[in-house]
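Report on the following structure.
Both ligands and their constituent atoms are indexed starting at 1 by order of listing. Residues: numbered from 1 along the sequence shown.
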Amino acid sequence: MLEAIKHANLGDDVYGEDPTVNKLQELAAEKMGKEAALLVASGTQANLTSLMSNCNRGELVFLEAESHIYWYEVGGISAIAGLLPWPIKAPNAAFEPQQIEDALRPRSISFPDPKLICVENTHNRYGGKIISPNQLEAISDVAKKHSLKLYMDGARIFNASVALNIDVKEFTKHVDNLMFCLSKGLSCPVGSIIVGNKDFIERARKIRKVLGGGMRQAGIIAAPGIIALEKMIDRLRLDHENAKLLGQRLAKIKGINLDLKNVQTNMVTFDLDPSIDCDDFLLRLKENGVLTSAQSKNKIRLVTHRGIEKEHVETTINAIERILSKN
Ligand SMILES: Cc1ncc(COP(=O)(O)O)c(C=O)c1O
């Protein structure tokens, strides 16, 4: 990727003249089965730009109560986009269509107009859980029935596609538009991509600009992105194998509560016994060279990615065993 950055052909992307960015965007649109694509700086910028491109200020957005947009994006959905987030809890990551039906209120002068449903696939706070194409189709049906648009925060959509061995288009065909991250498992230093129809992407391009995301010679970000799309998708399998191994071994350790059916992609989320001091556990893991954090009290998330090999998984398991045996 560093070599590709060094040799990238560059131009001014604010004028749409960076050939490397254009090549990446064409490749991404084609892979996702959509008309057009737009490179942005981060997943957070992709979500905010997409919300603003899909909706007008004052409209209502249904999203999952544990979603990244709702939890971790500094409230940009309301603070900047001016939208009303309407959280619905769906512990399986996918809404049941009836949940949307139940949440919809009659059109009224007193209520904001509902405009968009957001789904997150895979779902971060549920430990990388997958929303299947069938589940997406059911949500899409309810969206169409009520003239709502469907957007997917697909930061890790290739993890879902690789885990189920299904072409990514089988997921994307059910949503109006989506974003995915070039960073994370696809291993780029920076960047995310929004995909959708031409009108949506044209609006997004202007919104990206007002958000300060016009990046001039952005080919230095796009060059590794092309490598990610051409060469880094299949390697996600290794992350999934390592996560599975990690999960299977951790599930046997006393003090850890872990449901293996939730280990579907590249994350392992588990609960520590309430008697264990979570901060102390994290500190001792750090002293053993394992960096992680708690999603909430005593709920730990471990992520596998490029550079984490089987031997590192073993090191992690041994460290956790040692720490918990002293409790
Ligand atoms: C599901 C999901 N969406 C969006 C993001 C935001 O990505 P970024 O950190 O690039 O802003 C993340 C980051 O972890 C994520 O997990």
of all protein heavy atoms, closest to atom 14 (O) of ligand 1 is Lys184 CE, 3.3 Å

Between Asn47 and ligand 1, which residue portion shows a heavy-atom distance shorter than 4.0 Å: side chain, backbone, both, or neither? side chain

Counting heavy atoms under 4.0 Å, the part of Asn124 that contacts ligand 1 is side chain

Under 4.0 Å between a side-chain nitrogen and a carboxylate oxygen: does that hold for [X] and [Y]?
{"X": "Asp280", "Y": "Arg284", "answer": "yes"}
{"X": "Glu241", "Y": "Lys244", "answer": "no"}
{"X": "Asp141", "Y": "Lys145", "answer": "no"}

For the residue pair Leu136 and Phe171, establish whether any side-chain heavy-atom pair is separated by less than 4.5 Å. yes

Identify, by atom number and element, the atoms of ligand 1 in contact range of [X], meaning under 4.0 Å from any of its heavy atoms.
{"X": "Arg156", "answer": "1 (C), 14 (O), 15 (C), 16 (O)"}
{"X": "Glu73", "answer": "4 (C)"}
{"X": "Thr44", "answer": "6 (C), 7 (O), 8 (P), 11 (O)"}
{"X": "Ala155", "answer": "1 (C), 2 (C), 3 (N)"}

Who's closest to atom 6 (C) of ligand 1 heavy-atom-wise, of His68, Met179, Gln45? His68

Name the option, out of Gly154, Gly43, Cys181, that contains the heavy atom nearest to atom 8 (P) of ligand 1. Gly43

Would His123 count as a contact of ligand 1 if the rule is a heavy atom under 4.0 Å away? no

Between [Y] and [X], do the side chains contain a donor N or O and an acceptor N or O under 3.5 Å apart?
{"X": "Gln135", "Y": "His174", "result": "no"}
{"X": "His68", "Y": "Glu73", "result": "yes"}
{"X": "Asp273", "Y": "Ser275", "result": "yes"}

